[in-house]
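What follows is a single structure, written as C-alpha cells, with notes after it.
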Amino acid sequence: MRERARSPEDKQQRSEDLLDAAESLALELGGVRFVTVAAVTERAGLHRTGVRRYYANKEELLLELAERGWGRWRDAIKSTLGTREGLEPVEVAEVVAETIISLPVFCDLLTHVTLSLEGDVEMERARRYKTNAFAIHDNIVVALVQASRMTTEQIQNLLATTLMLAAGFWQVSHPTPTLARLYEEVPEWAHVALDFGPRLRYLLRAMATGLAGSGSPA
C-alpha cells in the first residue's frame, strides 16, 4: 500500500489516481455501474478506507469523474477547432460528435449524473458540479459559435441534443451481460444495441442542418 499523502500536491495526485482507477475500471468492466470503491482503491494502491480522505462515497467519486469529463470534452473541442472559422453546421456536428465519442466514460456518466449521482451527494458538492459543468458548457458554446456560422441558440440546442443522445445511446449500445446473452438468443431484438458512434454522428449532422435552416423555437 502507498504511504498517506501529506502535501497538497500529493493529495491532488492521489485524488487524480483514484479518478484514473475508476475510469480504467469502467472501461474494462463495461460501465461505471460495475465500479466498486474496493476495486478503485485496490487499483490505486490505497487501503480500502483511503478513498474516504478524498471522496465521501462512490457517488462523489463518480461525480468528480463526470466533472473532469466536462473539462476534457471542452479541451478536445478547442483542440479540434484550433483556429478554424466559418464552419458549416455539418462540420460543427462532426466536431461535437467526434469529441464526445472519444470520451466513452463521460457518455456513460451523463446518464448516472442525472439519475442518481447529483442527488446522492451533499448539496454543496452538487452545487459545485452544477456551477463548473454549466461554466464549461457555456465555454464550449462560445468556442463553437466563434468557429462557425451557427448562432448561440443553435449551438445550445445542438449541445442539449448531443448530451441526451450520447447518454441514451451509450447505455443502449453497451447492454448488461444479461441483455447481451438475451440478444444472442433472440437476434431480432439485438438491433436496439445500435452502433453508438455512427448513429450519433448521423443524427447530430441532421440536427445541426435542421437547426441552421429553421427559425427560433416558439
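Note that this is a predicted model, so its numbers are computed, not measured. Just so it is clear, the values below take in all heavy atoms, side chains as well, and ignore hydrogens, waters and symmetry mates.
- Sorted by first and then second residue, the side-chain hydrogen bond (donor to acceptor under 3.5 Å, both in side chains) pairs with a member in residues 179-189 form an empty list; sequence neighbours excluded.
- Note on Trp170: it clusters hydrophobically with Leu27, by side-chain heavy-atom contacts below 4.5 Å among ILVMFWY residues.
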Could you go through the side chain to side chain donor-acceptor pair (under 3.5 Å) check for Gln13 and Asp17 one step at a time? CA-CA 6 Å; Gln13 184 58 56; Asp17 291 343; 2.8 Å; yes

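- The side-chain heavy atoms of Arg72 and Arg68, taken from C-beta on, include a pair separated by under 4.5 Å.
- With sequence neighbours excluded, no residue forms a side chain to side chain donor-acceptor pair (under 3.5 Å) with His174.
- In the hydrophobic clustering of ILVMFWY residues, with side-chain heavy atoms under 4.5 Å counting as a link, Leu115 and Met123 come out apart.
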Just list the side-chain donor-acceptor pairs under 3.5 Å for residues 100-113, sequence neighbours left out, or say none.
from, atom 1, to, atom 2, distance (Å)
Ser102, OG, Thr99, O, 2.5
Asp108, OD1, His112, NE2, 3.3
Asp108, OD1, Gln171, NE2, 2.8
Asp108, OD2, Val32, N, 2.8
Thr111, OG1, Ala167, O, 3.1

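- For Glu91, the side chain to side chain donor-acceptor pair (under 3.5 Å) criterion is met by no residue, not counting sequence neighbours.
- Linking ILVMFWY residues whenever their side-chain heavy atoms come closer than 4.5 Å, directly or via other members, places Leu29 and Leu19 in the same cluster.
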Distance-only donor-acceptor pairs under 3.5 Å for side chains of residues 136-144, two or more places apart:
from, atom 1, to, atom 2, distance (Å)
Asn139, OD1, Lys78, NZ, 2.6

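- Taking NZ from Lys58 and CG from Leu65, the interatomic distance works out to 11.5 Å, rounded to the nearest 0.5 Å.
- The side chain to side chain donor-acceptor pair (under 3.5 Å) check on Arg201 picks up Glu94, with sequence neighbours excluded.
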